[in-house]
Amino acid sequence: MPEKTFERTLVTSALPYANGYIHLGHIAGAYLPADIFVRYKRQKGEKVLYVGGSDEHGVPVTLTALREGITPKEVIDRYHTANAEAFKRLGISYDIYGRTSWPLHADTTQAFFTRLNDTGYIHEDEMELWYSEHLERFLPDRYVSGTCPKCGYTGANGDECESCGAQYSPHDLVSPRANIPGDDSSPVLRKSKHWFLDLPKFKDRLKAYLDSHPEWRANVRGIAYGWVEDLRSRCITRDTDWGVTIPLDDPEAEGKRIYVWFDAPIGYVTNTRQWGLDVKGDDAAWEPWWKDEATRLIHFIGKDNVPFHAIIFPAVLAGQDGFVLADNVVGNEYLNIFNRKTGKEEKGSKSKGNMISVKWMLEHFAPDIIRYYLCANAPESRDAAFDWDDLLKRYNGEICDVVGNFIHRSLTMTVKNFDGQVPEAGNLDEEDRALLDYLPTQIDAIGGALEDFRFRLALERVIDLGRRANVYFDARQPWVTRKTDLARTGSTLYACCQVVHALCHVLAPFTPDAARTLSAILGIHLPEGGPDGGVDGWNAGKNLLSPGAPLRKPTVLFPKLDKDRIAELAEAHQRGEAF
RNA sequence: GGCGGUGUAGCUCAGUUGGUUAGAGCAGUGGAAUCAUAAUCCACGUGUCCGCGGUUCGAGUCCGUGCACCGCUACCA
């Protein structure tokens, strides 16, 4: 199969649900990897657009509003604003961060729905659902609890028992109770008409689609293949008043809305449309990003999201007119939390109080620190755990001591001994050349890992570059030759400056603040890139600084973390103050 | 129960299409160095590659099977 060539890359990160604050698990899974990838692509000068936004519909938002005595709109405004701010401060560099509550989104969603309906991919059916006569509203299964018909567990959900794992029809649940704010009445089953997406009709196309992507991660492929073998029609409407209205003339459609999971991924399209209007002033600017075969669409998600991005949304897109399907769905595992008291990893949960919000983290750490640790410890192929000691050890021991210190010792010595300029290369011997030859090789190795979505490995290779450079520095002993052979010292530091220059480029996707500071010290320009592309500022890292180029006095790029301070924060975290 | 992922050194991980004595970092021990953010460098590894069985001249890698952990199981978003 010939390698497909693409002209532009459209990257999405899962839309976080605007019913809570984003936490570190979200970042490590769906946002930071996407941002690193996007920054890398931009730096290469490729055309890349990064789209995200808040997912703002669905019943849980209405229940939060009910609980707090405010409107759903107030709920989503609060979380949308806070999350957009957290992303921005962390340097998650969206080209647009949209909202599914935008009127434009109703238009996109309805167009998708109508097209599927007109082409026979949507059918009606009647369902029996729990209904609270007390609140005069339908209740999703998760908001009805009762006694499990199999094991007698009293905290069972409407259709599933958490205790024994049994699944059953709502009819079988014993003593059902509503489980939402202000209502613990006994719900009754009531019939309601709904609309279903006919997934089985897409089976062959989905199968062929999955077959054409053997390069996807094992976890994503495994989950997707599990689904495609057993596709069922899926209900895409709900009994609620909070969501996109159903574009049908049926009176039964009133009081119902399109299911949040149907409209959320469509938000990627809406937000691309809005980006075109805002940035290009062109209501057709979005189309190439979704309809040109030469567009490479990539979704970054957590593993819980795989069925929606590898099966359901591709089906929805396949049912449209000429939309591209994702070329890759990058699904991460989960970031757990290491509990220092018990010595065990546990799932982050609000009730345990062990979550760490991005907002709290940013109050205590520079974005580069958070980005470094979450990438170095990303849950790419298995669950990982956030651990304070590990954060301290890895950030201090790797990026500070190995990379940061190499940069600092090189630049300090150069500035002091060579009048603030890159020294003359002089007579380079085999050892110098070996180091200089290694640079483009390693830059390619880092870029290759990024192209393969292996962000941990890519970052490790950055650190390896620092390690290799420290070995060189120690072997050449410029602090000794300085007193005996200034030309030799110049050659050594010339080579070291080239390493620093390469590091500046390869650090940029991971730790953009440090890279920016370093580029100013080196007097170089790291191109921003963007949707229109630009010059290749990634491979420019392979170029060499010219002798005589001025250098500014270096500053510490990665200040070390204080052990006692980390211990204090870990304590605060343990007390549940980190969310 | 069904399905999927993961399992390599004390810890975190890398191991391309099967190919010599299975690697790196961290931690530990000893040493060197003093340019640098007390940062660096060198030396030191008897690992049931989770177990069992199979294919093969050859298996960490492929196949089967069992175990452990994690997740999903369609109305959680």
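All chains are named by letter (A, B, ...) in the order of the sequence lines, taking the proteins before the strands, and each is independently numbered beginning at 1.
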Test: Asp464(A) and Arg467(A) ion pair at under 4.0 Å: yes
d(CG, Leu392(A); C1', U12(B)) in whole Å: 15 Å
Separation of atom CD in Glu229(A) from atom P in G4(B), rounded to whole Å: 10 Å
Spacing between Asn377(A) atom CG and C13(B) atom P, to the nearest angstrom: 7 Å
Protein and nucleotides 38-45 of chain B: nitrogen or oxygen contacts under 3.5 angstrom:
residue	atom	partner	partner atom	Å
A39(B)	OP1	Lys560(A)	NZ	2.9
A39(B)	O5'	Lys560(A)	NZ	2.9
A39(B)	O2'	Asp401(A)	O	3.0
A39(B)	O2'	Asn405(A)	ND2	2.3
U40(B)	O2'	Arg409(A)	NH1	3.3
U40(B)	O2'	Asp474(A)	OD1	2.6
U40(B)	O2'	Asp474(A)	OD2	3.2
U40(B)	O2	Asp474(A)	OD2	3.1
C41(B)	O4'	Asp474(A)	OD2	2.8

What's Gly58(A) touching, base or sugar-phosphate or nothing? Going by heavy atoms closer than 4.0 Å. nothing
Specify the separation, in whole Å, of atom OH of Tyr373(A) and atom P of U12(B). 11 Å
Given G25(B), C75(B), A33(B), which nucleotide is nearest the side-chain atoms of Arg234(A)? C75(B)
Whole-Å distance between U73(B) P and Asp304(A) CG? 9 Å
Do Lys207(A) and Glu229(A) meet the salt-bridge criterion of a basic N to acidic O distance under 4.0 Å? yes
Using a heavy-atom distance cut-off of less than 4.0 Å, which residues of residues 13-24 of chain A contact RNA chain B? Tyr17(A)
Please give, in whole Å, the distance from A77(B) P to Asp263(A) CG? 12 Å
Which part of the nucleic acid does Phe338(A) contact within heavy-atom distance under 4.0 Å: base, sugar-phosphate only, or nothing? nothing
Say you pick atom C1' in C13(B) and the same atom in A27(B); how far apart are they, in whole Å? 14 Å
Starting from P on A27(B), measure out to CG on Asp390(A) and report it in whole angstrom. 12 Å
Expressed as a whole number of angstroms, how long is the span from Ile446(A):CD1 to A14(B):P? 17 Å
